[in-house]
Amino acid sequence: MGRIIVLDEDDLRRIFKEVLAESRISPDTIENIVGQEELLTSLGAIAKLFHCSLPTAQKIKNTIPKNLYRQYGKTFAIPRNVLLDANADLRKSKSNMY
């Protein structure tokens, strides 16, 4: 069984910067991703933000264009404002359908 590791937000930001640096992404892009924005890094965090289930959180994540967040393996980082904007756009498009 794996180990449980507890990290604070600063440690998580440092780890993301290191992973992104190793993947040869430009430093400006790294700062844009990791900057001062609140990052959501789990489906549970997305589900909590939108008060929805994990499968619905996965569907929300899947609607985000890949160039607006970073994913390395199963680890991802999506800025909170990107999720909120995408959800607002999704709601507008659904309301226009009816």
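Because the structure is predicted, anything quoted here is derived from the model rather than measured.
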(request) For the pair Gln58 (side chain) and Ile60 (backbone), establish whether a donor and an acceptor sit closer than 3.5 Å, ignoring hydrogens and angles. (result)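 Not confirmed, Gln58 side chain does not pair with Ile60 backbone.
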(message) Going by side chain to side chain donor-acceptor pair (under 3.5 Å), name the residues that satisfy it together with Thr56, two or more places apart in sequence or in a different chain.
(response)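 Ser53.
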(request) For Asp8, enumerate each residue passing the side chain to side chain donor-acceptor pair (under 3.5 Å) test, keeping only those at least two apart in sequence or located in another chain. (result)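 With sequence neighbours excluded, Asp8 shows a side chain to side chain donor-acceptor pair (under 3.5 Å) to no residue whatsoever.
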(request) Please round to the nearest 0.5 Å and tell me the distance separating atom CG of Leu40 and atom CZ of Arg80. (result)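 Answer for the CG-CZ pair, Leu40 versus Arg80, is 7.5 Å.
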(request) Any chance you could measure Thr75, atom OG1, to Ile15, atom CD1, to the nearest 0.5 Å? (result)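 Thr75 OG1 to Ile15 CD1: 9.5 Å, rounded to 0.5 Å.
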(message) Less than 4.5 Å apart, side chain to side chain, heavy atoms only: is that true for Phe76 and Ile64?
(response)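 No, every pair of side-chain atoms sits at 4.5 Å or beyond.
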(message) Please evaluate residues Phe50 and Leu83 with respect to the criterion side chain to side chain contact (heavy atoms under 4.5 Å, CB included), reporting the C-alpha separation (whole Å), side-chain torsions for both, the decisive distance (0.1 Å), and the verdict.
(response) CA-CA 10 Å; Phe50 292 113; Leu83 278 168; 4.2 Å; yes
Nearest heavy-atom pair of [X] and [Y]: which atoms, and what distance?
X     : Y     : answer
Gln71 : Lys74 : NE2-CA, 4.2 Å
Pro79 : Leu68 : CD-O, 3.8 Å
Ala47 : Ala57 : N-CB, 3.7 Å

(message) Which residue is it: Ile46, Leu12, Ile78? I am looking for the one with a side-chain contact (heavy atoms from CB on, under 4.5 Å) to Thr41.
(response)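 Output: one option passes, namely Leu12.
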